[in-house]
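Beneath this line is the structure, given in structure tokens, with notes to follow.
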Amino acid sequence: MNYRLSRYGDSAAEPSPVNRMMDAFASDFRDGVDINLGVGYVNEATIPRTGLLEAMGEVTAHPEGYRQAFNYGGPQGSPNLIRALKRFYLSERLGGMTEDAWNANDLAIGPSGATSILDAIADIFRPGIVITADPMYYIYCNYLERKGFRVITVAEDNDGIRCDLMEERLQKLGCEIEDLAFIYIVTVNNPSGVILTNERKRRIVNLAAEWSTRAGHAVPVFFDQAYEWLIHDDSVEKPLSALLMDQAGLAYEIGTLSKVLAPALRIGFILGPRGSILKGITQKTSDTGFSAPLTNQEVAAYMLEHRMGAQLRRVKDGYREKAACIEKVLKEVMGPWLEDMRGGQGGFYFYLTLRGITTDETSPFFRFLARSTGDAAIDGPAGTRNPRVIYIPGVFCVHPEGSLAQTGYYQLRVSYGFEDLDRIVQAIQFMRDAACYAETVSADL
Ligand SMILES: Cc1ncc(COP(=O)(O)O)c(C=O)c1O
């Protein structure tokens, strides 16, 4: 007999394709042998353990400043953390933030990272159309679709989502414009690492205003800034906050401390106009678990006040160095097959398009790296398989109904977050062997 599950409940019983692939890999992952270029994990060395220990000590020792830090917290977030975020934004001039712009908006901390903010957005909107870039942040887009939303993707170029194509796509919606729910843009895109320029950002904010008028209802735009504090290439223009561009009160920014501090703290937040969206998100936090864990919020507040400036510089320096080296090795080693390469200027992804080499789970390239070709000379002897390399195939990153659906078969996301440099270099050498193998297999067919 079947349960009376919701649409979401029904779909959640089936793991998403990426989760299935990653679970299969994780179940017998061998530390120090297999190489994981698939996850968005940060490098362990970037996590400031000593600082976190000090922060925990201070929070525990000073209940007068960190009130009831081991108790329930309020749904909007810890006042200490909200204050510390404001100070940090203003002192680091993040997004060119001004005190006036900050005060004109509101901030809410999600119960469990930026992911929980994205989840809340999916809950407070009636399912409808969501516009986003292609390639897309597959985790959230997959979730939106399981919640009943229709994700429409628009191709990006090196400046971010193509606004001309976005406008064309909106025109094409015709009377379906009534179903347009919101626009979702990742400012340093996951998977591609493409950084949205300020000019594009401004155009998107203007498009949201224009199409709200045309749709007859407000169409907000959510800028996901998961990697924006990690733009490590100093030649890139400094991103400006969309809140400074927005006249219509439709722009929101979602931030996280996961990538710059520690994912396990699960601190994510949303900044935007006061009103029903922020109220809805705050209520959702209360419904999910009353608040984000207060202890973590207080530790994060301490870190922001005392350590974060130096931490941010250290983390950016590390990824900058890694990216420069990996870019060079990718060009040298994968050069013959490299049709296009994006990313490497912020966050920790490269997104590659290979010439003539397919990358999906059934491809010879993938199977070589997963050591599942069936050929012992490649896979290694049973029981002691050769080192495996995992990456995210492009087919998971492009929308199956979007214009990149076919190109996705030749693409892959390579993360330089988690693994150390020497292992990534080794993985790229395995990729060259995998590409050669793929060519011999297709020549034999
Ligand atoms: C684009 C994007 N948004 C949000 C998140 C999730 O961040 P958090 O750890 O704060 O939930 C990630 C994590 O990889 C991401 O890539």
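Order of appearance sets the numbers: ligands from 1, and atoms from 1 within every ligand.
Qualifying ring-ring contact (aromatic ring centres under 6.0 Å, His included) partners for F70, counting only residues two or more places apart in sequence or in other chains: none. Scanning for ring-ring contact (aromatic ring centres under 6.0 Å, His included) contacts around Y184 gives Y140, with sequence neighbours left out. For the side chain to side chain contact (heavy atoms under 4.5 Å, CB included) test, residues two or more places apart in sequence or in another chain that qualify with D234 are R320.
By the 6.0 Å and 45° rule, R371 stacks over the aromatic ring of F430.
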Polar pairs, ligand 1 vs protein, N/O only, below 3.5 Å.
{"unit_1": "ligand 1", "atom_1": "3 (N)", "unit_2": "D224", "atom_2": "OD1", "d": "3.4"}
{"unit_1": "ligand 1", "atom_1": "3 (N)", "unit_2": "D224", "atom_2": "OD2", "d": "2.6"}
{"unit_1": "ligand 1", "atom_1": "9 (O)", "unit_2": "S258", "atom_2": "OG", "d": "2.6"}
{"unit_1": "ligand 1", "atom_1": "9 (O)", "unit_2": "R266", "atom_2": "NH1", "d": "2.8"}
{"unit_1": "ligand 1", "atom_1": "10 (O)", "unit_2": "A114", "atom_2": "N", "d": "2.7"}
{"unit_1": "ligand 1", "atom_1": "10 (O)", "unit_2": "T256", "atom_2": "OG1", "d": "2.6"}
{"unit_1": "ligand 1", "atom_1": "10 (O)", "unit_2": "S258", "atom_2": "OG", "d": "3.2"}
{"unit_1": "ligand 1", "atom_1": "11 (O)", "unit_2": "A114", "atom_2": "N", "d": "3.2"}
{"unit_1": "ligand 1", "atom_1": "11 (O)", "unit_2": "T115", "atom_2": "N", "d": "2.9"}
{"unit_1": "ligand 1", "atom_1": "11 (O)", "unit_2": "T115", "atom_2": "OG1", "d": "2.6"}
{"unit_1": "ligand 1", "atom_1": "11 (O)", "unit_2": "R266", "atom_2": "NH2", "d": "2.8"}
{"unit_1": "ligand 1", "atom_1": "14 (O)", "unit_2": "Y227", "atom_2": "OH", "d": "3.2"}
{"unit_1": "ligand 1", "atom_1": "14 (O)", "unit_2": "K259", "atom_2": "NZ", "d": "2.7"}
{"unit_1": "ligand 1", "atom_1": "16 (O)", "unit_2": "N190", "atom_2": "ND2", "d": "2.8"}
{"unit_1": "ligand 1", "atom_1": "16 (O)", "unit_2": "Y227", "atom_2": "OH", "d": "2.7"}

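Aromatic rings of F88 and W229 (six-membered ring for Trp) have centroids within the 6.0 Å cut-off, being under it.
The shortest heavy-atom contact between Y252 and L278 is CE2-CD2, 3.4 Å.
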